[in-house]
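Everything on this sheet refers to the single structure shown next.
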Amino acid sequence: MRRWIVAEFAAPETSLEAARRLRASGLTGLDLHSPFPIEGSDEALGLRPSPIPGAVLCGGLIGAGFGYWLQWFCNAHDFPINVGGRPLQSAPAFVPIVFELGVLFGSAAAFFGMFVAARLPRLHHPVFEADGFRSASVDRFWLSASLGPGDDPEHVRARLADLGALRVEIVPEENP
Amino acid sequence: MPGLADPLERDPVLATDRDDAALGDRLLGYVWQPPRRAWWAMFLLSASGVGLLGIAAVYTFGWGVGTWGVQIPVAWAFAITEFVWWIGIGHAGTLISAILLLFLQRWRTSINRFAETMTLFAVMCAGMFPVLHLGRPWFAYWLIPYPATMRVWPQFRSALVWDMFAVSTYFTVSLLFWYLGLVPDLAALRDASQRRWQRIAYGILALGWRGSARHWRHHRSAYLLLAGLATPLVVSVHTVVSMDFAISLVPGWHSTIFPPYFVAGAVFSGFALVATLIIPARRFLRLGEVITLRHLDNMCKVMLVMGWVVAYAYLVETFLAFYGGDRVEMQLAVDRVRGHYAVATWATVFCNVVVPQAFWSSRVRRSPIAVWIASILINVGMYLERYVIIVASLAHDFVPSAWRPFAPTWVDVSLYVGTLGFFFMMFLLAIKLLPIVPLTEIREMRHEVARAPELGVLAGSTEVSR
């Protein structure tokens, strides 16, 4: 059975330092929880850059391309109407919708991409079982780590206490 | 004095000495309290406006747009005026939340949720009018390019189709941006909730947000990119709205100044409505410590600048009518200031050009009641401006035999009052049920300043009590 260890810290710096130390000692599955983003948490946890910008670029280009194709298909290809001899494929008149659809698809990529990348929505998570974890959205900074069968929870608990944790708890993955 | 004080500014952006936990209790507390009697009174009043909207809409659908004051040549009147007015109001929300974010304007933090929420409801109100105005509203979906058995597609060279795409994109993007910013605050609300059903309801809305570093890095990136996308979008939306007019040949409409003129007017009226709403909300919800006089001061400065841009547009519009030398355009320019709509024209000039000049005085800018009155006058002025552009131009067309003044009917007025009721009802619900001040961003701002004294010049005092 997998277990999670969670520790509460009073300040973001101490939680960052604890994450750095634990990661250096080879513990994996570390995460930090805070009421607002902490500068330097990506480096402390060794996270790769977010893939969102790439997703937005792709979404925007696909949206703009689709916008142009849609207008060309409807007004120049599938049902051409000659309006006073104006060109069927009137690119300048297509610009606004190309732009709007580019923005729409790019924004959708940013929004939904964020939830996919963050693996949300996930309404329940073992860390919520820890007493007092509610303060992670108020004024406390929490560190969580998932422990494999090879990790000794008591050892990690002692290290966290040394690193300045206000309290440390162990929660099992599966709850009755 | 703790908080964020700029040595060059008299009022801090944040005037609170509470710590993070107490600030959260303060800013989320009103969600848990039962609504007060004043809230119910305002809610019932605005809900009855929604009832009026329903009656007028059913009457319009049943008997057609002939129940309105519209006729030929004035086929666009109240409905399109209100469409443009509401869309314009929405634009300040995006401006405050996106453009000021990109420019690192810290003062936006306390008011951005207000402005974004206002945007959403204003765009909903705006969206009703073109549909009501269709005459056959049940065919509204023909604007969407779907593979119909008739094989008929929308005409993409028409500004009205651009409008449909622009406004629906604008609404969708505003909604996504608003919700993305709201998720961490909904999680804060979930964690602060005392009752089980509240915890479940806000828990579902927060989508399981754990404030994890893995969430934050994607959230930050997505939020910034959405701001970057919303910034050109807001300019494009009102540009497209102005093209509904500018690409036609009607005198007074066919002008290249329309896009920038409309965008400036949109920002102007939007800031005015933010001020109109935020001043009473700040008082009733006692938000003075996060929405300070500094915010009012800054909003007034934006309104002053936009007032001058609009004044410039009025001047250039009139000048070009004579410089262009077209007889009909010249006649219209004279008709606006001396004809049937002269009162509306001069009231527009008074409200939009004369009233904002009061904002040169810092005493006015820092007096909530004065700002509130001025902001209402600016809203009225912006309504009249669109009314004059639309109705006075149409009523004074190329052929004198067709000239006909416009008079609204009770249905026109009821639809307008009804959307105001809808807007205020939604707004009252939002300030009762949602974190209307972005708590997460305020905490982050305080924290940043506490950790980085070199920001002192930008954001002032570094002593933030923890």
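Computed from a prediction, not measured in an experiment: that's the story for all the values here. We name chains A, B, ... by the order of the sequence lines, and we start the count at 1 in each one.
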Student check: side-chain heavy atoms of F156(B) and C74(A) closer than 4.5 Å: yes

Part of residues 88-104 of chain A lying next to chain B, heavy-atom separation under 4.5 Å: L88(A), S90(A), A93(A), F94(A), P96(A), I97(A), F99(A), E100(A), L101(A), V103(A), L104(A)

Side chains of M150(B) and F79(A) in contact at under 4.5 Å (non-hydrogen atoms): no

Region of V138(A) that comes under 4.5 Å of a non-hydrogen atom in chain B: both

R119(A) CZ: over 12 foreign heavy atoms closer than 6.0 Å: no

Nearest heavy-atom neighbours spanning S137(A) and A187(B): OG-O, 4.0 Å

For L45(A) against A213(B), the heavy-atom pair lying closest together: CD1-CB, 3.5 Å

T172(B) vs S107(A) side-chain heavy atoms within contact, under 4.5 Å: no

Chain A contacts, top residue of S168(B), G24(B), A21(B), A230(B) (heavy-atom pairs, under 4.5 Å): A21(B)

Heavy-atom contact with chain A under 4.5 Å, split by part of Q155(B): both

Side-chain touch H219(B)/P37(A), heavy atoms, less than 4.5 angstrom: no

Chain A interface, residue from P145(B), A206(B), G228(B) that has the most non-hydrogen pairs under 4.5 Å: P145(B)

Non-hydrogen atoms of P35(A) and R443(B) that approach each other most closely: CB-NH1, 4.4 Å

Part of I38(A) lying under 4.5 Å from any heavy atom of chain B: neither

Stepwise side chain to side chain contact (heavy atoms under 4.5 Å, CB included) test for Y179(B) and F111(A): CA-CA 9 Å; Y179(B) 198 76; F111(A) 184 81; 3.9 Å; yes

Most contacts with chain B, counted as non-hydrogen pairs under 4.5 angstrom, among L70(A), D78(A), I81(A): D78(A)

Candidate pair R446(B) and F36(A), rule side chain to side chain contact (heavy atoms under 4.5 Å, CB included), full reasoning: CA-CA 11 Å; R446(B) 298 178 75 193; F36(A) 48 79; over 6 Å; no

Part of P232(B) within contact of chain A (heavy atom distance under 4.5 Å): both

Under 3.5 Å: donor-acceptor pair, side chain of W216(B), backbone of S34(A): yes

Note, L123(A) side chain near W209(B) side chain (heavy atom, < 4.5 Å): no

Closest non-hydrogen atom pair, D191(B) against R134(A): O-NH1, 3.2 Å

Per-residue contact mode, D31(A) against chain B (heavy atom under 4.5 angstrom): both

Exceeds 12 heavy-atom contacts within 6.0 angstrom, atom NE2 of H254(B): no

Among R122(A), H125(A), E13(A), R86(A), residue most engaged with chain B (heavy-atom pairs, under 4.5 Å): H125(A)

Minimum heavy-atom distance F115(A)-L180(B), with the two atoms named: CE1-CD1, 4.2 Å

Heavy-atom donor-acceptor pair, H33(A) side chain to R210(B) backbone, under 3.5 Å: yes

Side-chain donor-acceptor contact under 3.5 Å, W153(B) with N75(A): no

Chain A contact via L229(B) - side chain, backbone, both or neither, heavy atoms under 4.5 Å: both

Carboxylate-amine/guanidinium contact E39(A) R220(B), below 4.0 Å: yes

Side-chain donor or acceptor of R214(B) paired with backbone N/O of L32(A) under 3.5 Å: no

Euclidean distance, D20(B) CG relative to R140(A) CZ, rounded to 0.5 Å: 10.0 Å

Most chain A-contacting option - heavy-atom pairs closer than 4.5 Å, from R190(B), R199(B), E441(B), M164(B): R199(B)

Heavy-atom closest pair, residues L226(B) and A110(A): CG-CB, 4.0 Å

Which atoms of I204(B) approach chain A - backbone, side chain, both or neither, heavy atom under 4.5 Å: both

Residues forming a side-chain hydrogen bond (donor to acceptor under 3.5 Å, both in side chains) with T440(B), sequence neighbours excluded: D185(B)

Closest-packed option against chain A by number of heavy-atom pairs under 4.5 Å, given H215(B), E444(B), R217(B), M243(B): R217(B)

Modelled atom types, side-chain donor and acceptor of S50(A) and H218(B), under 3.5 Å: yes

Which of A188(B), A192(B), G203(B) touches chain A most, by non-hydrogen pairs under 4.5 Å: A188(B)

